[in-house]
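Only one structure is covered here, and it is reproduced in the block below.
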Amino acid sequence: MSHPHLHLAPLTERPVTEFSGRPTARRVECPDCGKTFLDTVVVNDAPEFSDAHGCYIICRRLYCDHCNQLMLWFQHSNDSGTRIGPRVDDEPPFIVREKRLIEKFLKQHPEAAGMIAV
């Protein structure tokens, strides 16, 4: 049941105005539904050196509660895991929809259940 005084516009329709502040955190979008998340809910693995790319790579994972799916992608990083470039080979994320794997991921990483960005 919705509250009679509460109306939430879809994120894609939110106008940018002169009063909109600068973004204070990085954001990540679900490639399927477009829902926007704070970067802090993305789970990053430890960096590993890739001989094929000649740099460190991290595996990043994001759970979208709207689509009920987990996305994985690889991104260039330095040896401490700080991202320094785009997705590896600019490939789209790999999508996991198997319920058992999603539940296991969320159990291991409850912080990934998410905060939406506004």
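Here the shortest heavy-atom pairing between Ala112 and Phe105 reads CB-CE2, 3.6 Å. Nearest approach of Pro47 to Gly81, heavy atoms of both residues: CG-N, 3.6 Å.
Distance check: Phe94 CZ to Trp73 CH2 gives 14.0 Å after rounding to the nearest 0.5 Å. In this structure, Glu29 CD and Leu62 CG are separated by 10.5 Å, a value rounded to the nearest 0.5 Å. We find the CZ-OG1 distance between Arg27 and Thr40 to be 10.0 Å, quoted to the nearest 0.5 Å. Taken to the nearest 0.5 Å, the CD atom of Gln108 stands 12.5 Å off from the CD atom of Glu103. In this structure, CE in Met71 is found 5.5 Å from CD1 in Ile95, a value given to the nearest 0.5 Å.
Among residues two or more places apart in sequence or in another chain, the salt bridge (charged side-chain N to carboxylate O under 4.0 Å, His left out) test is passed with Asp79 by none. Applying the side chain to side chain donor-acceptor pair (under 3.5 Å) criterion to Glu98, with sequence neighbours excluded, gives Arg100.
Cluster membership check: Tyr56 does not share its hydrophobic cluster with Ile58, using side-chain heavy-atom separations under 4.5 Å among Ile, Leu, Val, Met, Phe, Trp and Tyr. Leu106 and Leu70 fall within a single hydrophobic cluster, where Ile, Leu, Val, Met, Phe, Trp and Tyr are joined by side-chain heavy atoms under 4.5 Å apart, directly or via other members. Phe74 and Val43 fall into different hydrophobic clusters, where Ile, Leu, Val, Met, Phe, Trp and Tyr side chains are chained together by heavy-atom contacts under 4.5 Å.
Looking only at side-chain heavy atoms (C-beta outward), Gln69 and Asp32 come within less than 4.5 Å of each other. Between Tyr63 and Asn68 the shortest side-chain heavy-atom distance falls below 4.5 Å. Side-chain atoms of Ile57 and Glu48, non-hydrogen and from C-beta on, never get closer than 4.5 Å to each other. A heavy-atom distance below 4.5 Å is found between the side chains of Pro31 and Pro93. The side-chain heavy atoms of Phe37 and Cys64, taken from C-beta on, include a pair separated by under 4.5 Å. A heavy-atom distance below 4.5 Å is found between the side chains of His53 and Val88.
Salt bridge present: Asp65 and Lys35 bring a charged side-chain N and a carboxylate O closer than 4.0 Å.
A 6.0 Å sphere centred on NE2 of His109 holds more than 12 heavy atoms belonging to other residues, nucleotides or ligands.
Applying side chain to side chain contact (heavy atoms under 4.5 Å, CB included) to Arg83 and the options Val42, Asp39, Asn78 leaves one that passes, Asp39.
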